[in-house]
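In what follows, every chain begins at residue 1, and chains take the letters A, B, ... in the order their sequences are listed.
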Protein chains: 2
Amino acid sequence: MKNLRITEQDRFRALLRGAGFKATTARIRLLRILERAHEPLSVEKITKRLGSLAPDMATIYRSLRNLHAAGILRHVDFQHRHAHYELNDPKDHHHFTCTNCGKMVNFENCDVTKLISRVLRRTPSFSKVTEHSLELFGLCAQCAKK
Amino acid sequence: MKNLRITEQDRFRALLRGAGFKATTARIRLLRILERAHEPLSVEKITKRLGSLAPDMATIYRSLRNLHAAGILRHVDFQHRHAHYELNDPKDHHHFTCTNCGKMVNFENCDVTKLISRVLRRTPSFSKVTEHSLELFGLCAQCAKK
DNA sequence: TTGCATGCAAATTTTTTGCAGCCAG
DNA sequence: CTGGCTGCAAAAAATTTGCATGCAA
């Protein structure tokens, strides 16, 4: 029974292979951390969460860059001075961040796809959207009270 | 006649004073460059365009950071490894960038405001949106043909 | 005159690169 | 085996900071 189940390892292995990458332990560990995080992580946070299993930073940067180019990861900009990455969830969620306390929530089903189609229809000089970013910044309920 | 007209200088001076800043020549030059650019600029491009009139880089970074915090500038992320800034135009336009050749066009009236209100209504843990980012990446008509 | 701004120089932080050796396929 | 990956070390790029001086108000 147990060995018939598709493990997390296998899932990531297939994902990597499918994109033409070798399924190395470093990359599988990276994907695992990102999946469990449920929020976009910086290189620093990834390294900390991997602890002693963390590969060299150069490897992390290279992996993130390649996996992003392959569409496996999304690049998220929190207007800090460093990049954040998360798994490219097909559900296409986005983030709402409190600029005061840093709290973050996800939101989805926001119809950004429709918005994008409309823009694309109106913009003949461009023919295809492959990626988009949509981030909201503001105040959470607690911080707004103060 | 001529001296009754509100000059660009005066406009920026008022803008800076209104936000509690001193209207220094360095900052006025910076705003002037950004206004004329019609596209978000990196620190490098700002420096180049200012030429011999460019203040120290530290000053540029400090100015950009402060003017952004005051809402005078917008922070734009093109998924490069450095920040870009543009004047915070009340028209709220966004950018569509070709990932192949770097070409960029602006678009506006994309109803992102409605989208934001909807999200806000559905997200009781957050009470106010002060800033947002929306960027499209894809292929321009020329690059898509190839 | 007074304190916010700037220049200068140095330090930090973030990201990239070259190259030799390693390991997944 | 073998070419893509990784570690290591060094460099490059991007951004910040401390402090003395300068200039707008």
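Side-chain N or O atoms of B:Asn100 include none that pairs as donor or acceptor with a backbone N or O of B:Leu139 at under 3.5 Å.
If you measure from atom CG of B:Leu16 to atom C1' of C:dA5, you get 12 Å, rounded to the nearest angstrom.
Taking the nucleotide of DNA chain D with the nearest heavy atom to each of B:Arg65 and B:Arg13, the more 5' of the two is matched to B:Arg65. Remark on DNA chain D: of its neighbouring residues B:Lys22 and A:Thr59, the 5'-side contact belongs to A:Thr59, judged by nearest-heavy-atom nucleotide.
Between B:His84 and B:Phe78, the ring planes are perpendicular. Angles over 60° get that label, and only those under 30° would be called parallel.
Residues of residues 24-38 of chain A having a heavy atom closer than 4.0 Å to DNA chain D, listed by number: A:Thr24, A:Ala26, A:Arg27.
Using a cut-off of 4.0 Å between Lys/Arg side-chain N and Asp/Glu carboxylate O, A:Arg17 and A:Asp10 are scored as not salt-bridged.
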- Query: Is there a side-chain contact (heavy atoms from CB on, under 4.5 Å) between A:Leu120 and B:Phe96 once you walk through the steps?
  - Reply: CA-CA 9 Å; A:Leu120 198 52; B:Phe96 197 153; 3.7 Å; yes
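Using a 4.5 Å heavy-atom cutoff, the side chains of B:His132 and B:Asp92 are in contact.
The aromatic ring centres of A:His93 and A:His38 sit 6.0 Å or more apart.
A:Gln79 contributes atom CD, which lies 4.0 Å from atom CZ of A:Phe137 (distance to the nearest 0.5 angstrom). How far CZ of A:Phe107 is from CD1 of B:Ile116: 8.0 Å, rounded to the nearest 0.5 Å.
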Pairwise N/O distances under 3.5 Å, protein to nucleotides 8-14 of chain D:
unit_1 : atom_1 : unit_2  : atom_2 : d
D:dA14 : OP1    : B:His82 : ND1    : 2.7

